[in-house]
*Asks:* 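Submitted below is the structure of interest, expressed as structure tokens.
A note on names: the letters A, B, ... follow the listed sequences, proteins ahead of strands, and every chain is numbered from 1. Note that these values count all heavy atoms, side chains included, but never hydrogens, waters or copies made by symmetry.
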Number of protein chains: 2
Amino acid sequence: MCPKENAAQIQSQIRALQDTIYVIGGKWKLPIIHSICKGNKRFTDIQHSIPGITKRMLSRSLKELEDNKLIVRNVDPDFTATIEYEFTQYALEYGKLILDMIRWGENHHKVITGKGTKR
Amino acid sequence: MCPKENAAQIQSQIRALQDTIYVIGGKWKLPIIHSICKGNKRFTDIQHSIPGITKRMLSRSLKELEDNKLIVRNVDPDFTATIEYEFTQYALEYGKLILDMIRWGENHHKVITGKGTKR
DNA sequence: CGGTATCCTCTCTGATACTG
DNA sequence: CAGTATCAGAGAGGATACCG
């Protein structure tokens, strides 16, 4: 598991890993990703699909996801300034990793609660 | 990317994913995992191998990793109460996912800084 | 050596009101 | 509709001192 690289390279790997976690970390990023995944594209639609989220947190989280190029914000000025959020191709490539993380998390839950098959 | 399951199941998947992130999230978990990976087993050795960490945070983080069964705490009462931390077999199975996350994080860094091949 | 206890700070999140 | 501004609370993390 532990690669045999020099110290500087490993520090950079740890940072890479922390970045990976940061991008989808926090309280709302994953529910938002899921909501867009389900077909919601507009700010208010996304907000209503996630119980408990405020405009403030939705706005901030969308901006961070956009900064990380996982979603794009499309403004259509012709049709009364409709704004839509969509996944980037890049985000779709992230999908497999997310599914792996889900699988690990589900198994982990069983392990911790003592109903697991492993350990 | 988005599975076609019912709502309750998806909520549980999102929770599973948030758990996955939480287990290795925070400021010190990954450096600690790396330090043990490199062969450090004792509290003080781990502490000295991670610049800036305090006893308090090391203690808390080790306890959380132990609660999540990624490491075990072995007390040897015969030899002046030596205490050693080690990975569980379970943690080693986590390794592949961590490597995938590192790879994504490294590529992500290139994408965000504009030097990436993707996007 | 391997921790705990206490206090403090700083960031993240929530509530609410306002805006083009 | 799609946000921004402001303020307040909760929680993560840091500094330091103490303990078996």
*Asks:* What is the distance, to the nearest angstrom, from the NZ atom on A:Lys41 to the C1' atom on D:dC1?
*Replies:*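 The answer, rounded to whole Å, is 18 Å.
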*Asks:* B:Thr82 side chain N/O closer than 4.0 Å to the phosphate oxygens (OP1, OP2) of C:dC1?
*Replies:*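 So the side-chain polar atoms of B:Thr82 never come under 4.0 Å of the phosphate oxygens OP1 or OP2 of C:dC1.
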*Asks:* Return the value, rounded to whole Å, for the distance between atom CD1 of A:Ile32 and atom C1' of D:dG3.
*Replies:*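 My rounded result for the distance is 14 Å.
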*Asks:* If you compare every side-chain N and O of B:Lys63 against the phosphate oxygens of C:dT4 (OP1, OP2), does one of them come in below 4.0 Å?
*Replies:*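 Yes, because at least one side-chain N or O of B:Lys63 sits under 4.0 Å from OP1 or OP2 of C:dT4.
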*Asks:* In whole angstrom, what separates B:Arg56's CZ from C:dT4's P?
*Replies:*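 Rounded to whole Å, this separation is 11 Å.
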*Asks:* Does a side-chain heavy-atom distance below 4.5 Å link B:Trp28 with B:Glu64?
*Replies:*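 Contact flag for B:Trp28/B:Glu64 side chains = no.
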*Asks:* Could you state the OH-C1' distance from A:Tyr85 to D:dA2, rounded to the nearest angstrom?
*Replies:*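 Taking OH of A:Tyr85 and C1' of D:dA2, I get 7 Å after rounding.
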*Asks:* For B:Lys27, which contact category applies under a 4.0 Å heavy-atom criterion: base, sugar-phosphate, or nothing?
*Replies:*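 The answer is sugar-phosphate, as B:Lys27 gets under 4.0 Å only of primed atoms, P, OP1 or OP2.
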*Asks:* Using whole Å, what does the distance between atom C1' of nucleotide D:dT4 and atom CG of A:Leu58 come to?
*Replies:*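 For the pair A:Leu58 CG and D:dT4 C1', the rounded distance is 13 Å.
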*Asks:* Measure CD/B:Gln18 against C1'/C:dC12 and give the value in whole Å, please.
*Replies:*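 In whole Å, C:dC12 C1' lies 15 Å from B:Gln18 CD.
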*Asks:* Is a side-chain N or O of B:Ser35 found less than 3.5 angstrom from the main chain of B:Asn40, in a donor-acceptor match?
*Replies:*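 Looks like no, no N/O pair under 3.5 Å.
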*Asks:* D:dG3, OP1 or OP2 - any side-chain N/O from A:Arg73 closer than 4.0 Å?
*Replies:*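 For D:dG3, OP1/OP2 do have a side-chain N/O of A:Arg73 under 4.0 Å.
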*Asks:* Can you find a heavy atom in the side chain of A:Ile10 that is under 4.5 Å from one in the side chain of B:Lys38?
*Replies:*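 They are in contact (side-chain heavy atoms under 4.5 Å apart), so the answer is yes.
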*Asks:* I'd like to check A:Leu17 versus A:Gln13 (side-chain heavy atoms, cut-off strictly below 4.5 Å). Are they in contact?
*Replies:*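 A:Leu17 vs A:Gln13: side chains apart.
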*Asks:* Can you figure out which of D:dG3, D:dG13, C:dG2 approaches the side chain of B:Trp28 most closely?
*Replies:*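 Shortest atom-to-atom distance from the side chain points to D:dG13.
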*Asks:* Rounded to the nearest angstrom, tell me the gap between atom CE in B:Met57 and atom P in C:dC8.
*Replies:*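 In whole Å, C:dC8 P and B:Met57 CE are 19 Å from each other.
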*Asks:* 5'-most contact on DNA chain D: B:Gly52 or A:Glu84, nearest heavy atom basis?
*Replies:*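 Going by which nucleotide is closer to the 5' end, it is A:Glu84.
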*Asks:* Just N and O in the side chain of B:Thr54: are any of them under 4.0 Å from OP1 or OP2 of D:dT16?
*Replies:*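 It does not, given that no N or O in the side chain of B:Thr54 lies less than 4.0 Å from OP1 or OP2 of D:dT16.
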*Asks:* Main chain of B:Trp104, side chain of A:Thr20: is a donor-acceptor contact present, judged purely on distance under 3.5 Å?
*Replies:*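 A pair under 3.5 Å: no.
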